[in-house]
A.B. asks: 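For reference, the structure I am asking about is given below.
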Amino acid sequence: MLWLGCASTRPKADETALPPAPIDTTFARAVSTTAQSGMVVCAHPLAASAGRKVLQSGGNAADAALAALATLSVVEPHASGLGGGGFFLYYDAAQDSFFLLDYREKSPRRVNRAQYFLPEDTLKLVQRTGGTAILVPGAAAGWRELHSRFGTKRLPELFADAIAIADTGYQISEKQAAIILEHAAEFLTDSLLSSIFLDQGLPPSEGFRIRLPELAKLLKFLSNTRLDNFYFAPVASDVMAAARTHGGSLDDRDLASYAPVSRAPLRVTYRDYEIITAAPPAAGGITLLEILKLLEAEDIQSMGLLTPEYIHEVATAIRQARTDANTWMGDPDFVQIPADTLLSDSYIEQVYNSLSSDSVPQAMLPLDSLRAFGPGNTTHLVVADSAGNVVTLTQSINYFFGSGVMVPEWQLLLNNHMADFSSDTTSVNGLRPNRRPVSSMAPTMVFKNGKPVLAFGSPGGPRIPAALVDVLLAVLEFDVPLNEAQNLPRFFPAGQNLVVETRIPEATLEALKAKGWRIVPNEHLSNYFGGVQAIQFLEDGVLVGCSDPRRDGAADGY
Ligand code: GLU
């Protein structure tokens, strides 16, 4: 890097720092799966298997991704589906080119801003629940683009597994039962949701069977006709009626005019690697790149993995990058976003030199992000096929169960992505009609010498870029096997607070406290810190897939 040789004005870390203490490894650990030809890694074994079967029957990465997405919409309906939106990055091996699609949801054109800023609504419930929380879903249009640009197989074949599973039902996992338990009280007042997700009015146990026959009909209808039919009667009318019954303002023009946008992916070098990731309105990509650029000046390897110095440097870089994202990110169709400036050598050098290796800044200007909590639901999938094509895709209905509004005719949960607009009306990400709210999603690929090294992404809301940096540094800087990289304890800065998985040793936490971090213990393995789905591409051509142990997931290859 241009400025690496320049004299840094930044104070040096304490040379007498403690050696790394051993890390607790007594928990359910992630395992890697290897494959020679193709691989699907995602949040549910049934979805991974649906995708892998498509690969094995001659489908490509786009085909397999569509089969897995349709299945995820059935087996993980609380996290993503046709009622939401997302971003995908596709590597087309034959063309040696990248394609990024933004199919983020968009606010209705008749959104009544005043109703979102009532002083008595301190919890922002209008933004988070019911019809007022719902944005125009982008998923059907996003899936259509994936299929029409890159797919080779017909949709009825690709959706067959999803439709069969929705019809006959599937047994919920322990983690899914826990998610339902957390939301069970909300279902009690909704006979539709309780009839699907509760067991005779009570939170179900692991193994309880969920059936979604009306969702099966929706998948059958769209795959037999066109995915675009989501945006027209009868589906659109039913979506609109559900939103309006619950106080929303979606209308038929909002739905009929929805269009996804192809955007240039962000591409930046980090040492010998090229990182390719999502562009705004996904802020996760640029945040990830700024973190890596700030860390590039450091000799990460000599710090040692998860030492106090390492955690301090990474956490400080995360905090700075989040501050910049908070300040500058909005819908790029309306807001000028200084992406090039934020990633330029001169800006990175200036910011790097303003940070200290020894102490935690009191506040970062202008918009320090103190948001430590908040949801991190969502789903991520990665697919690699035998022709070298790769898909990395993140999509969501935002909070688990989205707005809590289900379209009864199709058993379709609608998103609450209105909550991703800033509640500060002056913000560049302020709530306005016809806009896409900023997202933390970051579907990402890492290339070296023109070949893929890693393709990954994660749910986790604001923690997404942090989770990806943790895995990326462990794999690329420390040669840690992918599954062990997933197992390592995570941390996340919010202001001067550092939320940590409690497996980080006490001595390390004490050293971090001495630098000024306020340690906030989370669980020893918490889905708060994301759920990374990743494929690593080894030099001998072997694919290594691994799901995060913090959430459900599976890698399936052949
Ligand atoms: N609403 C979130 C976003 O777009 C979803 C990501 C997540 O919760 O994981 O950033």
Side-chain angles (χ1 to χ4, degrees), residues 66 69-70 73 80-88 100-113 115-116 127 130-149 151 155-156 159 214-215 217-263 281 331-334 393 395-398 402-403 405-421 431-437 439:
L66 284 156
L69 284 172
S73 76
S80 85
L82 288 160
F87 299 84
F88 74 75
L100 172 69
L101 192 77
D102 160 2
Y103 59 101
R104 181 78 162 159
E105 304 94 318
K106 207 171 167 176
S107 56
R109 67 200 174 94
R110 288 235 182 86
V111 68
N112 171 7
R113 290 176 72 198
Q115 81 185 114
Y116 293 89
Q127 236 175 308
T132 48
I134 301 167
L135 303 186
V136 186
W143 297 8
R144 178 208 62 212
E145 283 294 295
L146 180 57
H147 188 244
S148 63
R149 281 178 187 272
L155 284 173
F159 285 10
E214 308 309 323
L215 182 58
K217 283 184 197 149
L218 177 61
L219 292 168
K220 206 178 283 178
F221 169 63
L222 295 178
S223 59
N224 283 335
T225 59
R226 296 161 64 231
L227 280 163
D228 272 345
N229 278 337
F230 181 89
Y231 296 99
F232 301 97
V235 183
S237 324
D238 297 334
V239 168
M240 200 170 77
R244 290 183 158 234
T245 306
H246 291 85
S249 63
L250 272 191
D251 67 22
D252 45 1
R253 269 178 59 192
D254 290 323
L255 283 145
S257 63
Y258 181 84
V261 184
S262 81
R263 304 195 186 273
D331 181 339
D333 293 340
F334 298 89
L393 179 154
Q395 67 168 38
S396 184
I397 56 171
N398 201 13
S403 59
V405 175
M406 180 175 259
V407 184
E409 294 81 356
W410 309 102
Q411 292 178 318
L412 179 70
L413 277 165
L414 298 174
N415 71 82
N416 68 336
H417 262 127
M418 194 68 90
D420 276 1
F421 283 112
L431 197 167
R432 290 179 186 80
N434 280 319
R435 290 228 178 162
R436 291 161 146 82
S439 166

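Values below: every heavy atom of this structure, side chains too, minus hydrogens, waters and symmetry copies. Note that the numbering runs from 1 along the sequence shown for the chain.
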A.B. asks: Starting at CG of Asn229, measure out to OG of Ser223 and round the result to the nearest 0.5 Å.
C.D. replies: 11.0 Å
A.B. asks: Does any N or O in the side chain of Tyr116 come within less than 3.5 Å of the main-chain N or O of Thr132, such that one atom is a donor and the other an acceptor?
C.D. replies: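 Judged by distance alone, yes, a pair lies under 3.5 Å.
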A.B. asks: With a 4.5 Å limit on heavy-atom distance, are the side chains of Glu409 and Glu214 in contact?
C.D. replies: no
A.B. asks: Report the residues that fulfil side-chain contact (heavy atoms from CB on, under 4.5 Å) with Asp251, sequence neighbours left out, ordered by chain and then residue number.
C.D. replies: Arg109, Arg110, Met240, Arg244, Arg253, Asp254
A.B. asks: Looking only at heavy atoms, which two atoms of Val405 and Ala242 are closest? And how far apart?
C.D. replies: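 Closest heavy-atom pair between Val405 and Ala242: CG1-O, 3.8 Å.
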A.B. asks: Any donor-acceptor pair under 3.5 Å linking the side chain of Asp331 with the backbone of Arg436?
C.D. replies: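 Pair found, side chain donor or acceptor close to backbone of Arg436.
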A.B. asks: If you take all heavy atoms of Ala140 and Phe230, which pair is closest and at what distance?
C.D. replies: CB-CB, 3.5 Å
A.B. asks: Using every non-hydrogen atom in the two residues, find where Ser73 and Ala70 come nearest and quote the distance to one decimal.
C.D. replies: OG-O, 2.6 Å
A.B. asks: Between Leu219 and Leu82, is there a side-chain heavy-atom distance shorter than 4.5 Å?
C.D. replies: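 Yes. Closest side-chain heavy atoms under 4.5 Å.
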A.B. asks: Are the side chain of Ser403 and the backbone N or O of Leu414 linked by a donor-acceptor pair below 3.5 Å?
C.D. replies: yes
A.B. asks: Would you indicate whether the side-chain heavy atoms of Leu146 and Leu101 approach each other to under 4.5 Å?
C.D. replies: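 They are not in contact (no side-chain heavy atoms under 4.5 Å apart), so the answer is no.
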A.B. asks: Would you compute the distance between atom CD1 of Ile134 and atom CG of Asn398 and round it to the nearest 0.5 angstrom?
C.D. replies: 12.0 Å
A.B. asks: At what distance, to the nearest 0.5 angstrom, does CZ of Arg226 lie from CG of Leu155?
C.D. replies: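 Arg226 atom CZ to Leu155 atom CG measures 11.5 Å (nearest 0.5 Å).
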A.B. asks: With a 4.5 Å limit on heavy-atom distance, are the side chains of Pro281 and Asp102 in contact?
C.D. replies: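 Heavy-atom side-chain distance check passes, below 4.5 Å.
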A.B. asks: Nearest 0.5 angstrom please: Leu69 CG to Ser80 OG, how far?
C.D. replies: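 That separation rounds to 7.0 Å.
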A.B. asks: Which distance, rounded to the nearest 0.5 Å, do you find between the CG of Asp333 and the CG of Asn434?
C.D. replies: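 Asp333 CG to Asn434 CG: 10.5 Å, rounded to 0.5 Å.
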A.B. asks: In terms of side-chain geometry, is the basic nitrogen of Arg104 or Asp420 positioned less than 4.0 Å from the acidic oxygen of its partner?
C.D. replies: yes
A.B. asks: Which atom pair, heavy atoms only, marks the closest approach of Ala141 to Tyr231?
C.D. replies: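 Nearest pair, atom of Ala141 first, then Tyr231: N-OH, 3.3 Å.
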A.B. asks: Starting at CG of Leu222, measure out to CZ of Arg144 and round the result to the nearest 0.5 Å.
C.D. replies: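 Reported value, rounded in 0.5 Å steps: 12.0 Å.
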A.B. asks: What heavy-atom pair brings Tyr103 and Phe88 nearest, and what distance separates the two atoms?
C.D. replies: CE2-CD2, 3.8 Å
A.B. asks: Looking only at heavy atoms, which two atoms of Leu255 and Pro137 are closest? And how far apart?
C.D. replies: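 So the minimum-distance heavy-atom pair works out to CD2-CD, 4.1 Å.
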A.B. asks: Please identify each residue that fulfils side-chain contact (heavy atoms from CB on, under 4.5 Å) with Leu135, with sequence neighbours left out.
C.D. replies: Glu105, Ser107, Pro108, Asn415, His417, Met418, Phe421, Pro437
A.B. asks: Classify the ring geometry of Phe159 against Trp143: parallel below 30°, tilted from 30° to 60°, perpendicular beyond 60°.
C.D. replies: perpendicular
A.B. asks: Would you indicate whether the side-chain heavy atoms of Leu218 and Val235 approach each other to under 4.5 Å?
C.D. replies: yes
